[in-house]
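Beneath this line is the structure, given in structure tokens, with notes to follow.
Proteins come first, then strands; the chains are lettered A, B, ... in the order of their sequence lines, and each starts at number 1.
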Amino acid sequence: VTDADRGRLTRALAEQGLAGDLLADVEQLVAWAPEAPRPEETRRLLAALTPHLPRPRPDLRAEFARLVGLALTQATVLRLGFWTGSAAVMLAGVGLLVAAPDLSRSLVLLLAGPLLAYLGTAAGFRGEGLRVLEVEFACPVTPRQLTIARLLVIVGYQTAVGMVLTALLSATGGQPWLAVTLLVSWRRCWPARARRCSARSGSGRPGLVGSSTPPGSSWPSPRGAAAWRGSGPRPRSWPWSPSAAG
Amino acid sequence: MSAVMAGDRTALEELVRRHQGPLLGFFFRMLDGDRAQAEDLVQETFLRLLRQRTYEPRRAFKPWLYAIAANLARDHLRAARARPAGPGDELLALLPDRAPGPDQRAVAAAEARRVADVLATLGEDVRATLVLRYANDLSLADIANALDVPIGTVKSRLSAGTRRLRELLRAPREEAR
């Protein structure tokens, strides 16, 4: 029993209003102690406990924040032309419908949807002049992360613009169809383009050299030009159908 | 403890390093000086600590730890009482103290045996209260939390238990048995 123990025990007895002559008795209680754990006992105990350590749960909030951060980083890759171009195409479609209510909505959608998909692909996966390319080399991301992040930016932005315009249309007596149709159009046009894009790049950075031409460029110019020249296969269906887009 | 519950192995090592010895002492004194059994219960205490998902960071850790330990000790003592004495138990009791060596060690061992005998006569609750207060240095409030009794009960057990401890330790040897 050390002096520190003795002092502690004295205080404990005093706290209870017990006489100091009990100190010797409680000292005996404290002195009756086992041998301290040996290092090998501690190691054995830790070995037995470690498998029962709770496994850290994935922090979904942090994962989401990371994904959003990645998307924001990717947003800096897109040039101003993408943002304004997408908005302009949709604005033009809405303008057409507002100006000419009798115009076929299907025709407007058939023009606007694939054009938006084309512009998104061209802007999101082109290779020349990527300002954050060095950053991506220094902090590599997986092809899947890169694709998801860019798709998130492009689809998110175009959907948001579509929703705004749809709301405007609804306010002026139109019907809320544009955003839904855009999403459908994206769903049909994107996956095959993204797959092809990643496959061509092999690194998830499709636009480094070879894909300065948009990888999903089946519509409209190359195929149209090929058909015009008669040197390529004619599109068997609408160019933005899944078979044509891949 | 929060880090341990998040799966941090280093935090577990620190937790074990800090509490293994005191827990071993607690079980040793509660279980009549059976060190091997005390070791097992120390491990069981830590295992329960890891398996339970009831830890709240705002709650004081020590009372929670010793609540688990006190319950384990209580369960063990009850199970031991319920178990019929085996044929070898009486023979074991007749064996001389295993601590060999010079006379001084023999005297120390005899004194230790006496403390163990005295503690055994005190009853589980009083014994746990005395051990937690004097040997493990828990505050009255922490003991009340760990044993789930009012603080007044802790005080009365301490007063009565300490006086009884003195009576038994100073009594002739036969009385303590």
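Of the atoms belonging to B:Leu119, it is side-chain heavy atoms, and not backbone ones, that fall under 4.5 Å from chain A. With a 4.5 angstrom heavy-atom cutoff, A:Ala36 touches chain B only via backbone atoms. Using a 4.5 Å cut-off between heavy atoms, A:Leu49 touches chain B through backbone and side chain atoms alike. Looking at B:Asp8, the atoms closer than 4.5 Å to chain A (heavy atoms on both sides) all sit in the backbone: N, CA, C or O. Proximity to chain B is absent for every atom of A:Glu27, based on heavy atoms less than 4.5 angstrom apart.
Identified by a heavy-atom distance below 4.5 Å to chain A, the contributing residues of residues 15-23 of chain B are B:Val16, B:Gln20, B:Gly21, in residue-number order. Contact annotation for residues 32-44 of chain B against chain A (heavy-atom separation below 4.5 Å, listed by residue number): B:Asp32, B:Gly33, B:Arg35, B:Glu39, B:Val42, B:Gln43.
Residues B:Tyr66 and B:Asn136 have side chains that bring a donor and an acceptor to within less than 3.5 angstrom of each other.
Between chain A and the residues B:Lys155, B:Arg29, B:Arg163, the most heavy-atom pairs under 4.5 angstrom are made by B:Arg29.
In this structure, A:Val30 and A:Val26 have side chains that are not in contact, with every pair of non-hydrogen atoms separated by 4.5 Å or more. Using a 4.5 Å heavy-atom cutoff, the side chains of A:Thr2 and A:Asp5 are in contact.
Annotation for A:Arg38: atom CZ counts as buried by contact number, over 12 foreign heavy atoms lying within 6.0 Å.
With B:Leu165 as the fixed residue, the side chain to side chain contact (heavy atoms under 4.5 Å, CB included) test singles out one of B:Val115, B:Leu122, B:Thr121: B:Leu122.
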